[in-house]
Structures are given as structure tokens and as C-alpha cells.
Amino acid sequence: MIRGRFTLVVALPKGRNFADGYRALVQAGLELPPLEGERALLHGREGGVAVLELRNHDVPTYVDLGIADVGVVGNDVLLESGRDVYEPVDLGTGACRLSLIRHPAATGPIRRIATKYPRFTAQVLRERGMVADIIELAGNVELAALTGLADAVVDVVQTGATLKAAGLLEVEVLAHSTARFIVNRQSLKLKRELLRPLIERLRANAHNLP
Ligand code: PRP
Ligand code: MG
């Protein structure tokens with residue numbers, strides 16, 4: 001059990017948002033622990049701040065259920081999670097988009113869509129009055145369009161390098177996303193003196209982004 005052993009527990013997503021999230025929090029004055037070895041999952045010493053290194057889709061879960069007090073996660077993932085957390089700061093980093101992607105040879109109607117974002121995809125389909133099977137995958141989703149597992153894919157595009165390498169087409173941008181600072185609702189009340197100034201500084205720094 002982690003509760004009570006640390007002054008604050010921070011959930012960060014491994015991958016691209018980790019370094020940006022870590023930096024934003026340090027710049028806002030939070031004393032984050034040094035990062036231990038490459039395979040460490042939990043950084044920090046008792047009595048200080050702990051950092052949990054999570055898959056990005058798990059960050060809202062840890063924050064909503066109060067294991068982590070705060071976290072950093074893309075709002076694409078937050079939307080998908082359906083979790084109830086306080087979302088006080090748009091950090092502005094990690095900008096990316098959720099797009100509809102197809103193989104250039106796939107020109108017929110869309111009957112099967114593969115994605116890591118099944119709830120978001122279902123909502124888009126509903127809004128458009130479209131019907132298609134949604135196939136939930138765990139990663140490298142572009143392969144579904146390449147191999148014919150699905151005739152379209154909904155996935156994250158950041159630089160576009162993955163699409164280019166795979167020779168796939170970004171047919172339509174469905175949503176834009178940036179990294180958000182999220183807070184457990186109860187932690188906001190219990191750790192108010194620590195969190196309020198942190199939120200203010202994160203906001204101020206986000207406005208001064210280059
Ligand atoms: C993500 C996303 C795309 C890629 C987009 O994959 O799913 O594949 O990044 O970035 P780009 O436009 O800069 O190429 P990632 O490898 O992070 O995770 P995954 O295992 O879920 O595919
Ligand atoms: Mg990928």
C-alpha cells in the first residue's frame with residue numbers, strides 16, 4: 001500500500017509525455033525524486049514525492065481511484081477513460097491529434113475500425129449516424145490498416161512519421177489533444193495547501209510556453 005507513505009503521489013505516463021510532465025512539475029517547484037534505474041516503476045523515498053510510471057491509459061484510473069493524487073495525461077486518453085478527475089491545467093505540451101487513418105487502397109465503405117480508443121470511436125460513429133464494428137487493439141494499431149484486419153483505424157498522429165513509414169493516409173482529424181494536469185478530487189481538498197500553489201504555477205508556466 002502506498003497511501004500515507006508519501007507527501008504526494010504523481011502518476012506519469014511512460015513515453016513521450018513522461019519527460020514533458022516531469023519537467024513541467026519541476027519547473028512549477030515540485031520536488032520530484034531523481035529517476036532511478038531504467039526498469040524502476042516507482043521512484044521516490046518515503047516522506048517525499050513519489051512518481052509512478054504508468055501506461056498512459058492507466059493514469060486516469062490511478063488518479064480517479066486515489067492511488068495517485070495527481071497525474072499528467074493527454075486529454076485524448078482522459079476522454080477515452082471516462083474517469084471523473086479534476087482537470088485544472090492544460091499544459092500545452094504533447095500536442096497530437098486523433099485521426100481516421102486508411103490504407104490508400106481502402107476506398108470502400110468503413111465496416112471495421114481498429115483502435116485503442118473504442119469509446120471515442122463509438123461516440124464519433126454515433127454522432128455521424130454511422131455503423132461499424134470497432135475492434136479494440138493494444139498498440140501499433142496502424143498494422144490493422146496495413147494488414148487488412150480493419151478497413152480504417154482511429155489513432156494518434158503526432159509527427160506523422162509512423163503514417164509516412166507505413167504508407168497510410170490521414171483521412172480526417174477527429175480531435176486535437178494536449179497534455180493535462182489532473183488531480184484526484186479528494187486530494188484537492190486534503191492536500192489543498194500543496195496543490196493550489198502548484199496549480200497556479202503550472203498555469204502561469206503553461207501560458208509562457210514558447
Ligand atoms: C503512437 C501512436 C502512433 C504514433 C504517432 O504510438 O499510436 O502510432 O505514436 O506518432 P507519430 O505521428 O509521431 O509517428 P506509440 O508507439 O507511442 O504507441 P503504441 O504502441 O500504442 O502504438
Ligand atoms: Mg504506434
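Heads up: numbering here begins at 1 and tracks the sequence. Because only heavy atoms are used, hydrogens play no part in the values below, and waters and symmetry mates are left out as well, while side chains stay in. Atoms within each ligand, like the ligands themselves, are counted from 1 in listed order.
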(message) Would Gly15 count as a contact residue for ligand 1, given that I'm defining contact as a non-hydrogen atom of the residue lying under 4.0 Å from a ligand atom?
(response) no
Closest protein heavy atom (residue, atom, distance) for [atom]:
atom: atom 7 (O) of ligand 1; answer: Asp155 OD2, 2.7 Å
atom: atom 14 (O) of ligand 1; answer: Thr162 OG1, 2.4 Å
atom: atom 5 (C) of ligand 1; answer: Val156 O, 3.3 Å
atom: atom 11 (P) of ligand 1; answer: Thr159 OG1, 3.3 Å
atom: atom 3 (C) of ligand 1; answer: Glu142 OE2, 3.1 Å

(message) If you count heavy atoms of other groups shown closer than 6.0 angstrom to CZ of Arg112, is the number above 12?
(response) no
Considering only NZ, NE, NH1 and NH2 on the basic side and carboxylate oxygens on the acidic side, decide whether [X] and [Y] come within less than 4.0 Å.
X: Glu170; Y: Arg102; answer: no
X: Asp133; Y: Arg111; answer: no
X: Asp20; Y: Arg23; answer: yes

(message) Taking 4.0 Å as the limit for heavy-atom contacts, which would you say applies to Asn140 with ligand 1: side chain only, backbone only, both, or neither?
(response) both
(message) Considering Lys14, Lys116, Gln158, His57 one by one, which has a heavy atom nearer to atom 21 (O) of ligand 1 than any of the others?
(response) Lys116
(request) For atom 15 (P) of ligand 1, state which one of Lys164, Arg16, Glu170 supplies the nearest heavy atom. (result) Arg16
(request) Enumerate the residue pairs fulfilling ring-ring contact (aromatic ring centres under 6.0 Å, His included) with a member in residues 26-62, sequence neighbours excluded, ordered by first and then second residue. (result) His57-Tyr117
(message) So if I apply the side chain to side chain contact (heavy atoms under 4.5 Å, CB included) rule between Leu8 and each of Val51, Leu32, Leu194, Leu25, which one comes out positive?
(response) Leu194
(request) Please indicate whether any nitrogen or oxygen in Gly160 is less than 3.5 Å from any nitrogen or oxygen in ligand 1. (result) yes
(request) Look at the side-chain heavy atoms of Ile, Leu, Val, Met, Phe, Trp and Tyr, link any pair under 4.5 Å apart, and say whether Ile199 and Val63 land in one connected group. (result) no
(request) Show which atoms of ligand 1 fall inside a sub-4.0 Å distance from at least one heavy-atom site of Val157. (result) 12 (O)
(message) When you compare the side chains of Thr178 and Arg180, does any donor N or O come within less than 3.5 Å of an acceptor on the partner?
(response) yes
